[in-house]
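In what follows, every chain begins at residue 1, and chains take the letters A, B, ... in the order their sequences are listed.
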Amino acid sequence: MSTVRTRFAPSPTGFMHIGGMRTALFNWLWARHNGGQFILRIDDTDQARNLDEALGPILDAFRWLGLDWDEGPEVGGDHGPYFQSQRSELYTAACEQLLQEGKAYKDYDPPALTQQDREAAEKEKRPFLNIRRSLELTDEERATCETEERPYVIRFLVNRDEKVSIDDQVRGHVEWDCSLIPDPVIMRGDGTPLYNFATVVDDAALEITHVIRAEEHLSNTPVQVMLFKALGYELPEFAHIPFVAAPGTKAKLSKRDKALEKYRKSPQFKKLFEIADDVLPKLGLGGSQSLNPVMVSYYDAVGFLPDAIFNGLARLGWSYDDKTENMPREFIVENFTLDRIVKAAAGLDPDKLLSYQEHWIGQLSLEQKVEQCLPYLQKAGYITGEVDADVRSKVQGLISALGDRIKLFSDILTYDEYFVADEELVYNEKAFKKRIVKPERAPELLTKYRDHLSQQEDFTASFLEEDFKTWLEANDLGYGDIIHALRVATTGKPAGPGMFECLELLGKTSCVNRINRAILQAEEKD
RNA sequence: GGCCCCAUCGUCUAGUGGCCCAGGACACUGGAUUUUCAGUCCAGGUACACGGGUUCAAAUCCCGUUGGGGUCACCA
């Protein structure tokens, strides 16, 4: 019994698709569950111009999510190289073998002619099959082609009398009739292999035992199975998992611009785009145009926890039982099996992702949250210079007061009022009108409380609250008479942590300054 | 259009012939708590696509219909 070996084979495109990440995750999980190996192979037959630039973000995404690979770029391995562009001899050799055994042939038909055949078939409403003219060539004609160096491609010769089938680990028995399958090109004239061929050669050479991939590859499978057999390779197990669909749809989540525009407006997806547009510019990044929720790096940038995405992705098309939702990664590894993969496509659900995030961020200690929030404050310029003990304790106080109001680490950026100078505080217009301009007594009461506040020595939340109560009583007032005006005056916003925690965080000077500003501004508006 | 796949609440799912007039989670609605917001607690609604079989018994098995999706390259 050989050990389980799975692989994920990204093309270096410059970014990691969240749906692709889910496929990678399932491969990783199956390998880890069985104590096997997870391999990263780079499908770069397309010859990416700048490989480092195109591959970097993909590897970063794997590292961020915590998916380590046993063989592949950077780590090497016994079955290398792990870049298809460096494995040409293998493909050439395999192709030569097929050619010699008469299982593949050189097709001298120019592309235009094949295209014509295809169109003719379509017109006559019959399935297209290659006419195989090049197989009919006499020895002489063939010799002429050779000497003239006529361009050709190498096609696999499909046995049209055959049926191929697999017993898919997710889908069960699936069968195809080969009499309907055109002869696939396996090598271009220039000797570069095509995907279906290279994958088979590589999967065999890398001794992959389980090919776990998205179901859109199901239609590639018969060709690959034929190639496996023709080359005398042992067939791996296949598991075609459902693809990740766009929120609220059954259609594959796409990275194309046109689709992205639609997602931006979709009620389910909108929220994530808005987060990007709100947060990213503050960090000096270009909003959802540069980082969008189809990319893994979006979730990193915006302050999701890898554990939350890991959990959410794992639950997309897989479940442990009828009630367990929040699962730590060790638990998932331990319990992940292919037979519990769902067959139907699953839409990515931003709300659910957010709820996993809420759960996992809730598991963090205050110190951990501070650690994760600080970089956001620095990048946004709210904290400049070194993070000394004072700054750290201020941020810690804020985050503690904020409690579970911080869902994404970048949420800390909405509380800029604790970092801007008093004279730069922006008042929420609506709230200012409603709480300070409109209520007749607001300016008067604010003035009165300010005078009271400015005499306080103890500026802790607990003291301020007690003191506030006595002050209210002495003046025959209720909470509602002033507290909203006070909140808007000091923080500029209608909502936030407890009032007295806010006051403590701001400190006496700021509170007094800000109340003064608010009173002045209210008079102007009168 | 051909081939292939899929079909349970709005969404993710549990369910492998009786435990299901269908369970959980998210979202939603109402209420309670609170100085605001967030949260928390309680309550609530909503689903087996349809039609035929098989069976004492079907969300579960079979057939068909409908619907959705994937794929049909010298892309990966």
*Can you check the A/His240 NE2 to B/rG69 C1' distance for me, whole Å?*
15 Å

*asked:* Only pairs with both distances under 3.5 Å count, Watson-Crick or wobble alike; so what is the partner of B/rU40 in this structure?
replied: B/rA32

_Neighbour count >12 (heavy atoms, 6.0 Å) for atom CD, A/Glu162_ = yes

*May I ask you to say what A/Leu486 touches in the nucleic acid, namely base, sugar-phosphate or nothing, with a heavy-atom cut-off under 4.0 Å?*
nothing

*Is any side-chain N or O of A/Lys252 closer than 4.0 Å to OP1 or OP2 of B/rU71?*
yes

_Per A/Ser355 side chain, nearest of listed nucleotides B/rG70, B/rC26, B/rC5_ = B/rC26

*Looking only at side-chain atoms of A/Val342, point me to the closest of B/rC12, B/rU13, B/rA38.*
B/rU13

*Tell me: NZ of A/Lys343 to C1' of B/rA14, nearest whole Å?*
14 Å

*asked:* Is it the case that the ring center of A/Phe26 lies less than 6.0 angstrom away from the ring center of A/Phe336?
replied: yes

_Within a 6.0 Å radius of atom CD on A/Glu122, are there more than 12 heavy atoms belonging to other residues, nucleotides or ligands?_
no

_Expressed as a whole number of angstroms, how long is the span from A/Arg213:CZ to B/rG70:P?_
17 Å

*Any chance the rings of A/Tyr479 and A/Phe468 have centres within less than 6.0 Å?*
yes

*Using a cut-off of 4.0 Å on non-hydrogen atoms, how would the nucleic acid contact of A/Asn220 be classed: base, sugar-phosphate, or nothing?*
base

Under 3.5 Å, which N/O atoms of the protein pair with N/O atoms of nucleotides 35-37 of chain B?
unit_1	atom_1	unit_2	atom_2	d
B/rU36	O2'	A/Pro494	O	3.1
B/rU36	O2	A/Gly496	N	2.9
B/rU36	O2	A/Gly496	O	3.2
B/rU36	N3	A/Arg487	NH2	3.1
B/rU36	N3	A/Gly496	O	2.7
B/rC37	O2	A/Arg405	NH1	2.4
B/rC37	O2	A/Gly496	O	3.3
B/rC37	N3	A/Arg405	NH1	2.2

*Nucleotide forming a Watson-Crick or wobble pair with B/rC56, both distances under 3.5 Å*: B/rG18

*Any N or O donor-acceptor pair linking the side chain of A/Lys323 to the base of B/rA14 at under 3.5 Å?*
no

_For A/Phe128, does the six-membered ring have the charged nitrogen or CZ of A/Arg118 within the cation-pi criterion, i.e. under 6.0 angstrom from the centroid and within 45° of the normal?_
yes

_Suppose you measure atom C1' in B/rC75 against the same atom in B/rU71; what distance do you get, rounded to whole Å?_
13 Å

*Among B/rG24, B/rC74, B/rG70, which is the nearest nucleotide to the side chain of A/Arg315?*
B/rG24

*asked:* Just to verify, which of A/Asp109, A/Asp107, A/Asp183, A/Asp117 counts as forming a salt bridge (Lys or Arg N to Asp or Glu O under 4.0 Å) with A/Arg132?
replied: A/Asp183

*Near-strand residues of residues 177-185 of chain A, defined as heavy-atom separation under 4.0 angstrom from RNA chain B*: A/Leu180, A/Val185

_Aromatic ring proximity, centroids under 6.0 angstrom, A/Tyr320 and A/Phe331_ = yes

_Looking at B/rA25, which nucleotide sits across from it as a Watson-Crick or G-U wobble partner, both distances under 3.5 angstrom, or is there none?_
B/rU11

*Using side chain to side chain donor-acceptor pair (under 3.5 Å) as the criterion, point out the one residue from A/Asp44, A/Asp43, A/Thr199 that pairs with A/Gln84.*
A/Asp43

*asked:* Classify A/Asp404 by what it touches in the nucleic acid, base, sugar-phosphate, or nothing, heavy-atom distance under 4.0 Å.
replied: base

_Could you tell me how far apart A/Asp411 (CG) and B/rA38 (P) are, to the nearest whole angstrom?_
13 Å

*Mind checking who B/rC50 pairs with, Watson-Crick or G-U wobble, both distances under 3.5 Å?*
B/rG64

*C1' atom, B/rG23 versus B/rC5: distance in rounded Å?*
28 Å

*Out of B/rC74, B/rA14, B/rG69, whichever nucleotide has its closest atom nearest the side chain of A/Pro111*: B/rC74

_With a sphere of 6.0 Å drawn around NZ of A/Lys270, does it hold more than 12 non-hydrogen atoms of other residues, nucleotides or ligands?_
no

*Map A/Gly317 and A/Lys407 onto RNA chain B by nearest heavy atom, then report which one ends up closer to the 5' terminus.*
A/Gly317

*When you check the phosphate oxygens OP1 and OP2 of B/rC75, does a side-chain N or O of A/Arg188 lie under 4.0 Å from one of them?*
yes

*asked:* Within the 4.0 Å heavy-atom criterion, would you say A/Tyr356 contacts the bases, only the backbone, or no part of the nucleic acid?
replied: nothing

*If you draw a 6.0 Å radius around CG in A/Asp476, do more than 12 non-hydrogen atoms from other residues or ligands fall strictly inside?*
no

_Pairwise P distance for B/rU46 and B/rG69, with rounding to whole Å_ = 28 Å

*Within 45 degrees of the axis of the six-membered ring of A/Tyr105 and under 6.0 Å from its centre: does A/Arg155 put its NZ or CZ there?*
no

*Would you call the rings of A/His217 and A/Tyr195 parallel, tilted or perpendicular if under 30° counts as parallel and over 60° as perpendicular?*
tilted

*Write down the distance separating the C1' atoms in B/rU13 and B/rG51, rounded off to the nearest Å.*
27 Å

_Please give the distance between the P atoms of B/rC6 and B/rC61 as a whole number of Å._
12 Å

_Separation of atom CZ in A/Arg22 from atom C1' in B/rC12, rounded to whole Å_ = 12 Å

*Whole angstrom is fine here: how far is it from CG in A/Leu398 over to C1' in B/rA38?*
14 Å

_Classify A/Gln268 by what it touches in the nucleic acid, base, sugar-phosphate, or nothing, heavy-atom distance under 4.0 Å._
nothing

*Given B/rA49, is OP1 or OP2 found less than 4.0 Å from the side-chain N or O atoms of A/Lys250?*
no

*asked:* Check this one for me: any side-chain N or O of A/Ser319 less than 4.0 Å away from OP1 or OP2 of B/rA14?
replied: yes

*How long is the line joining CZ of A/Phe197 and C1' of B/rC75, in whole Å?*
17 Å

_Distance-only donor-acceptor test, A/Glu325 side-chain atoms vs B/rG24 base atoms, 3.5 Å_ = yes

_Geometric class of the A/His17/A/Phe15 ring pair [parallel <30°, tilted 30-60°, perpendicular >60°]_ = tilted

*Pairing partner (Watson-Crick or G-U wobble, both distances under 3.5 angstrom) of B/rG2*: B/rU71

*A/Asp322 CG to B/rA59 P: how many Å, rounded?*
19 Å

*Write down the distance separating the C1' atoms in B/rG24 and B/rG64, rounded off to the nearest Å.*
34 Å

*Would you tell me if any nitrogen or oxygen in the side chain of A/Arg340 comes within less than 4.0 Å of OP1 or OP2 on B/rG15?*
yes

*On a whole-Å scale, what distance lies between the C1' atoms belonging to B/rG18 and B/rA59?*
13 Å

*Relative to the 5' end of RNA chain B, which residue comes earlier, A/Ala345 or A/Pro127, by the nucleotide with the nearest heavy atom?*
A/Pro127

*asked:* Work out how far the C1' atom of B/rC19 is from that of B/rA14, and round it to whole angstrom.
replied: 14 Å

